[in-house]
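What follows is a single structure, written as structure tokens, with notes after it.
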Number of protein chains: 2
Amino acid sequence: MLSDVSKSWWANILLYGLCLGLLLAALQFSQYRLLSFGNSEKWYMGLIATLFAVLGIWAGRKLTRKPKPAEAFIAPEFRPKEEVLKQLGMTPRELEVLEQMALGLSNQEIAEKLYVSLNTVKTHTSNVFSKLDVQRRTQAIQRAKALGLIA
Amino acid sequence: MLSDVSKSWWANILLYGLCLGLLLAALQFSQYRLLSFGNSEKWYMGLIATLFAVLGIWAGRKLTRKPKPAEAFIAPEFRPKEEVLKQLGMTPRELEVLEQMALGLSNQEIAEKLYVSLNTVKTHTSNVFSKLDVQRRTQAIQRAKALGLIA
DNA sequence: GCTGAAATCACCCAAAAGTGTGAGGGCTGA
DNA sequence: TCAGCCCTCACACTTTTGGGTGATTTCAGC
């Protein structure tokens, strides 16, 4: 099955292919008028070449540039990698605590934000650390980002 | 004065401009042979157009793609923003400690790595925190990254 | 030679973080 | 219904971190 990203990629290919085809057709059509102009073909050819070069640059930019958030086909929201989460056995609550941790909050602040006790947060953080195989929260944040668990 | 980045940019422009010029020259030259071929110009023109489209795509890619480490003109090493450092009054040693901190090391580990005492590291970290206007190391790392002080 | 910035270190104290154990309640699938 | 997972919380303990003060040394600049 196709992901959203690859689908939009194919849409781009089709779009630009269509543009190219149209331009080629226009080129074909213009041949008839051109021939009556005699030896000015040289300049005409240069014009066509330049036109296609510009088109190529434009297409190249469009095709290779990363889509900006505003123009993206799909929402660029962050999604934690589910397979990694499952593999580590990370529970939803633990991930939540991890996210707050990455925001620079203290355990106490996390507890207040999530409406649980400080001890509960400590339990979660401990579990997170052992699952990520780290000793400190700074390492946990690093690792979680590297694994794509948090933004 | 030109920065290294903008210098390489101009070098790219020159290079691709040269390629374009060469191709145009080749086009001019080939006109003579072409004319004797009679009405096969149509296909020839299409070929030229395709050629330039490909060239354009190639140039577009080259011009807009971020240079990879291996192919970059200049070393893509991280450079902390000097003006921000000066503005914050961050000393070289403090920055060094900050970097180690961002690697997830404890104060003790930083002390061993930098061959100083734990107390010295604590002094540095304290200074870093007050200069970055934060209370915890997690926040300091966040802020330093946001300010472009560390990678 | 004086001054100031930077780096070094010590000591003390408080707060936060991390470790380990135990335990109760809720929800779910076998 | 019952085992298993998850979430919750407590308590005790150690380690780490952060804050404040003060001191010494080195070194560049005036």
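Chain letters run A, B, ... following the sequence lines, proteins first and then strands; every chain starts at 1.
Partners of B:Q108 by side chain to side chain donor-acceptor pair (under 3.5 Å), not counting sequence neighbours, listed by chain and number: B:E112. Every side chain to side chain contact (heavy atoms under 4.5 Å, CB included) that B:S117 has, sequence neighbours left out, goes to B:N119, B:T120. Taking A:K131 as the reference, A:E94 meet the side chain to side chain donor-acceptor pair (under 3.5 Å) condition, with sequence neighbours excluded. Applying the side chain to side chain contact (heavy atoms under 4.5 Å, CB included) criterion to B:Q135, with sequence neighbours excluded, gives B:Q139. Legend: residues meeting side chain to side chain donor-acceptor pair (under 3.5 Å) with B:Q100, ordered by chain and number and at least two apart, are B:K113. With sequence neighbours left out, B:E96 forms a salt bridge (charged side-chain N to carboxylate O under 4.0 Å, His left out) with B:R93.
Within residues 125-144 of chain B, the residues that have a heavy atom under 4.0 Å from DNA chain C are, in order of number, B:R136. Using a 4.0 Å cutoff on non-hydrogen atoms, the parts of residues 87-110 of chain B near DNA chain C are B:T91, B:P92, B:R93, ordered by number.
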Polar atom pairs between nucleotides 9-14 of chain D and protein, under 3.5 Å, N or O only, would you list them?
unit_1 : atom_1 : unit_2 : atom_2 : d
D:dC9  : OP2    : A:S117 : N      : 2.7
D:dC9  : OP2    : A:T120 : OG1    : 2.9
D:dC9  : O5'    : A:T120 : OG1    : 3.4
D:dC9  : N4     : A:T123 : OG1    : 3.3

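Between the OG1 atom of B:T91 and the CG atom of B:L85 there is a distance of 9.5 Å, given to the nearest 0.5 Å. Within the model, atoms CE of B:M101 and OG1 of A:T138 stand 9.0 Å from one another, a figure rounded to the nearest 0.5 Å.
Here the closest heavy-atom approach between residue B:V97 and residue B:I110 is recorded as O-CD1, 4.1 Å. Contact record, A:K122 with A:N107: CG-ND2, 4.2 Å, taken as the closest heavy-atom pair.
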- request: Please assess B:R136 against A:E109 for the test side chain to side chain contact (heavy atoms under 4.5 Å, CB included), listing each intermediate value before the final yes or no.
  value: CA-CA 12 Å; B:R136 283 176 285 283; A:E109 288 168 334; 2.8 Å; yes

- request: List the steps, then state whether side chain to side chain contact (heavy atoms under 4.5 Å, CB included) holds for B:H124 with B:V121.
  value: CA-CA 5 Å; B:H124 286 316; B:V121 174; 5.6 Å; no

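Counting non-hydrogen atoms of other residues, nucleotides and ligands closer than 6.0 Å to OH of B:Y115 gives a total of 12 or fewer.
With axes fitted over five pairs at each extremity, the angle between the ends of the helix from C:dG1-D:dC30 to C:dA30-D:dT1 is 40° (10° resolution).
Contact footprint of chain B on DNA chain C: nucleotides with an atom under 4.0 Å from a non-hydrogen protein atom, first to last in 5' to 3' order, C:dA6 to C:dA17.
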Side-chain donor-acceptor contacts of residues 142-151 of chain B below 3.5 Å, not counting sequence neighbours, with atom names and distances?
unit_1 : atom_1 : unit_2 : atom_2 : d
B:Q142 : NE2    : A:A102 : O      : 3.2
B:R143 : NE     : B:L132 : O      : 2.9

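Under a hydrophobic-cluster definition in which Ile, Leu, Val, Met, Phe, Trp and Tyr are linked whenever side-chain heavy atoms come within less than 4.5 Å, directly or via other members, A:V116 and A:L105 are assigned to the same cluster.
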